[in-house]
Amino acid sequence: MKLPPRVKLVDVGPRDGLQNEKQAVPAEVKIGLVHRLQEAGLKEIEVTSFVSPKWVPQMADNAEVMHGLRRQAGVRYSVLTPNMKGFEAAIAAPREEWPDEIVVFGAASEAFSQKNINCSIAESIERFRPVAEAAREKGIYVRGAMSCTVGCPYEGEIAPERVGMLAKLMKDIGVQHVGVADTIGVGTPLKVRRALEATLAHYGIDDISGHFHDTYGQALSNTLASLELGVWQFDTSVGGLGGCPFAKGATGNVATEDVVYMLHGMGIETGIDLDKLIDAGVYINQALGREPNSRVSKAIRTKRAG
């Protein structure tokens with residue numbers, strides 16, 4: 001079994017992780033988190049979202065956060081821009097504050113698409129066409145997030161054909177890279193493998209990533225199944241930000257710390273300093289008044305305490 005020798009992790013904690021937090025997180029804390037992540041060796045960080053503050057009040061400080069970043073060479077900073085209004089806001093600042101990459105999203109579930117954004121999958125992707133075109137014209141990379149690729153809260157199991165259809169739609173509008181996301185964390189290794197294989201019919205192995213939620217404790221198993229397929233890029237979230245495991249319908253992102261520990265234990269390089277990463281997770285969770293949702297963080301900090 002040939003595994004990738006190196007893996008790239010995209011930490012989505014500052015954006016995907018914090019967006020559902022009820023308490024307001026100050027911009028300087030978000031900036032501090034991004035700085036700690038890049039100091040730990042992360043080369044790709046999802047920073048914020050240019051969406052209506054009416055829908056996602058936590059991201060209302062997006063421009064302030066982008067302005068406050070101390071950018072590091074070799075790090076790619078991405079933002080979510082779900083429509084042209086969002087994209088225009090993201091590039092309203094001086095060029096040096098623009099994102100390096102924008103993210104658009106679509107669901108593999110028709111019911112999820114209707115309930116979330118009141119339109120069909122095909123209609124939702126068409127909305128992103130001008131965003132993808134405008135970004136590429138400006139030299140900004142375009143990534144697509146494909147949600148509900150193995151299961152949906154309304155439809156149940158999702159057929160791999162739906163995932164393939166969504167990947168093709170993304171490809172057709174100029175999306176350069178897609179993430180295969182198990183949004184509600186119900187996936188198991190074979191189901192995830194089928195979703196990835198359906199995506200590989202439209203994208204090369206270097207242009208897809210896995211995004212696994214740990215709601216049912218399957219995220220590391222699903223990461224391993226993806227590695228066996230040759231997938232070498234994954235979205236993770238520092239301190240497991242993005243849903244409390246005790247909350248109803250929580251979708252907790254897999255903790256970056258847990259994935260890094262597993263990869264290093266398999267002899268796979270990440271370029272990440274695990275100790276600094278653990279400290280970054282402690283920093284943001286202290287600001288939220290709780291413990292990091294990472295077993296590796298807890299085990300290593302217990303060991304540190306002697």
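Side-chain contact of D16 with N253: a donor-acceptor pair under 3.5 Å is present, judged by distance alone. Counted by atom type alone, S209 and H177 present one or more donor-acceptor pairs between their side chains at under 3.5 Å. The closest side-chain donor-acceptor pair between E155 and S109 falls under 3.5 angstrom.
For K168, the NZ atom counts as loosely surrounded, since its 6.0 Å shell holds 12 or fewer non-hydrogen atoms of other residues, nucleotides or ligands. At most 12 non-hydrogen atoms from other residues, nucleotides or ligands lie less than 6.0 angstrom from CD of E157. Around atom CZ of R71, more than 12 heavy atoms belonging to other residues, nucleotides or ligands sit under 6.0 Å away. The environment of Y154 atom OH is dense: over 12 non-hydrogen atoms of other residues, nucleotides or ligands sit within 6.0 angstrom. Around the NE2 atom of H264, the shell of radius 6.0 Å holds more than 12 heavy atoms that belong to other residues, nucleotides or ligands. Environment of OH in Y261: sparse, with no more than 12 heavy atoms of neighbouring residues, nucleotides or ligands closer than 6.0 Å.
Checking each of Q286, K298, R301 against E291 for a side-chain hydrogen bond (donor to acceptor under 3.5 Å, both in side chains) leaves exactly one that passes, namely R301.
Within the model, atoms CE of M266 and CE of M262 stand 5.5 Å from one another, a figure rounded to the nearest 0.5 Å. To the nearest 0.5 angstrom, M146 atom CE is 12.0 Å from I158 atom CD1.
Through ILVMFWY side-chain contacts below 4.5 Å, Y141 is grouped with nothing and stands alone.
Shown here for I45 and P14, the closest heavy-atom pair between the two residues is CG2-CG, 3.9 Å.
Shown here are the salt bridge (Lys or Arg N to Asp or Glu O under 4.0 Å) partners of R6, two or more places apart in sequence or in another chain: E269.
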